[in-house]
Visitor: 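Sharing a structure here in structure tokens format.
Every chain is numbered from 1, with letters handed out A, B, ... down the list of sequences.
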2 protein chains.
Amino acid sequence: MKRSSRLSLALHALVHLHKQPEEAITSTTLAQCLMTNPVVVRRVLGTLREAGIVAASKGHDGGWRLLRPAAEISLRQVYAAMGESLLIRTESDPGDIQCGIVRTVNSVMGDFLADAEALLAARLERVSLDDIARQATPNPLHPHHGAHHHG
Amino acid sequence: MKRSSRLSLALHALVHLHKQPEEAITSTTLAQCLMTNPVVVRRVLGTLREAGIVAASKGHDGGWRLLRPAAEISLRQVYAAMGESLLIRTESDPGDIQCGIVRTVNSVMGDFLADAEALLAARLERVSLDDIARQATPNPLHPHHGAHHHG
DNA sequence: GTTTCATGTAACTTTTATTGTTACATTGCT
DNA sequence: AGCAATGTAACAATAAAAGTTACATGAAAC
């Protein structure tokens, strides 16, 4: 896996969990689907566990399960849980504070990014895990790939 | 400078150019203001030159100038010129294509990010370089830091 | 109770992207 | 000619993310 955000990974894993609600799925199995390492899976799902989205059980037949129905899990919750920003963090250089222009640019950029972040979150709220899962089921070979419903 | 996006750097430089329209400013001078290297400045302003936003002149009294009035330079233009995305690029792993879920997740994420990108661009369109410069001028020591006009 | 299978987590290595730096060719002005 | 600037290539340093190894912990099966 190269440089893809943990958010996609989390969503992918969650859809798998949703599609197989009968039994818990192990990190190793998920890692094969996601083409990554079991430890990476645990890291990602671990943060989702802290957010109350999934639960892990140890021992025999242990593994991961969803804690809530997929229709009640919004992408926003997953997004928030991951603590990730879809936006690039444009750190302000500490040495520049002497220059008023830097402060202004940083301030404008910061305000803008905060606004944008809220906007993105509002949009993510409208998509649920179930929405994604339903898109994945019907035609796995001919995805529409256009105009979905999140606009 | 650590890990800040080239966009902030570009804006900072542009404001400086705007505030000193009389004479061209050299990469070295700008580098001191931006606390970075002259070559980095050239790299950043070079892309803005290709976009027709600034011009560089060589030789004596050479340096950088704005090509258009600051009121006609929108942050969107700068943003587009930099070819940067404010959004994190969540690359889809090439090996995952066999799994329908990955395709769906990637598709949903891709659509979402494209939408979001357009949304951000639309907002950036409404802020001009002059807007930023005017905010920087009046009170360099007591920036309001809240509720600006870009919402 | 011991074995087995799973998570939880720490520590380290590898990889990738960005930035910083050096060096030098090119161009324009005096 | 000579200076002063950009333009650009090549390389080093830095930082962030992901991959990996190793092992402790806990729960179920035998």
Visitor: Closest-nucleotide mapping onto DNA chain C: is A:His60 or B:Lys58 further toward the 5' terminus? I mean the 5' end.
Guide: A:His60
Visitor: Could you check A:Arg43 against B:Gly62 and say which one's nearest nucleotide on DNA chain D is further toward the 5' end?
Guide: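 Looking at DNA chain D, the more 5' nearest nucleotide goes with B:Gly62.
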Visitor: Write down the distance between CZ (B:Arg6) and C1' (C:dT19), rounded to a whole number of angstrom.
Guide: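 Taking CZ of B:Arg6 and C1' of C:dT19, I get 10 Å after rounding.
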Visitor: Among A:Glu22, A:Glu23, A:His16, A:His18, which residue meets the side chain to side chain donor-acceptor pair (under 3.5 Å) test with A:Gln20?
Guide: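 Looking at A:Glu22, A:Glu23, A:His16, A:His18, the match for A:Gln20 under the side chain to side chain donor-acceptor pair (under 3.5 Å) is A:Glu23.
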Visitor: C:dT9 phosphate, OP1 or OP2: any side-chain N/O from A:Arg49 under 4.0 angstrom?
Guide: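 For C:dT9, OP1/OP2 do have a side-chain N/O of A:Arg49 under 4.0 Å.
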Visitor: Does B:Asp131 reach the main-chain N or O of B:Ser128 with its side chain, forming a donor-acceptor pair under 3.5 Å?
Guide: yes
Visitor: Counting side-chain heavy atoms from C-beta on, which of D:dG7, C:dT7, D:dT8 comes nearest to B:Ala56?
Guide: D:dG7
Visitor: How would you label the contact of B:Thr28 with the nucleic acid (heavy atoms, under 4.0 Å): base, sugar-phosphate, or nothing?
Guide: nothing
Visitor: Nearest-nucleotide wise, let me know which of A:Gly59 and B:Gly63 is further upstream toward the 5' end of DNA chain D.
Guide: B:Gly63
Visitor: To the nearest angstrom, how far is B:Met35 atom CE from C:dT19 atom C1'?
Guide: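 Rounding to the nearest Å, CE of B:Met35 and C1' of C:dT19 are 14 Å apart.
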Visitor: CG of B:Leu45 versus C1' of C:dT19: gap in Å, rounded?
Guide: 16 Å
Visitor: Please determine whether a side-chain nitrogen or oxygen atom of B:Arg42 lies at a distance below 4.0 Å from atom OP1 or OP2 of D:dG7.
Guide: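 For D:dG7, neither OP1 nor OP2 has a side-chain N or O of B:Arg42 closer than 4.0 Å.
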Visitor: Measure CE/B:Met82 against C1'/C:dT18 and give the value in whole Å, please.
Guide: 12 Å
Visitor: What's the CD-C1' distance between B:Gln32 and C:dG20, to the nearest Å?
Guide: 16 Å
Visitor: May I ask you to test the A:Val44-A:Met82 pair for a side-chain heavy-atom distance under 4.5 Å?
Guide: yes
Visitor: Treat each ILVMFWY residue as a node, draw an edge where side-chain heavy atoms are under 4.5 Å apart, and state whether A:Leu113 and A:Val108 are in one component.
Guide: yes
Visitor: Is A:Leu11 close to B:Met109 at the side-chain level, that is, under 4.5 Å between some pair of heavy atoms?
Guide: yes
Visitor: Can you tell me which nucleotide in C:dT9, D:dA17, D:dT6 comes closest to the side chain of B:Ser27?
Guide: D:dT6
Visitor: Check the distance between C:dC5's C1' and A:Ile25's CD1 and give it to me in whole angstrom.
Guide: 17 Å
Visitor: How many whole angstroms separate atom CD of A:Glu50 from atom P of C:dT9?
Guide: 7 Å
Visitor: Which nucleotide sits closest to the side chain of B:Asn37: C:dG8, C:dG20, C:dG28?
Guide: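 Of C:dG8, C:dG20, C:dG28, C:dG20 is nearest to the side chain of B:Asn37.
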Visitor: Expressed as a whole number of angstroms, how long is the span from A:Leu9:CG to D:dA17:P?
Guide: 14 Å
Visitor: Any idea which of C:dG8, C:dG20, D:dT8 is nearest the B:Thr36 side chain?
Guide: C:dG20
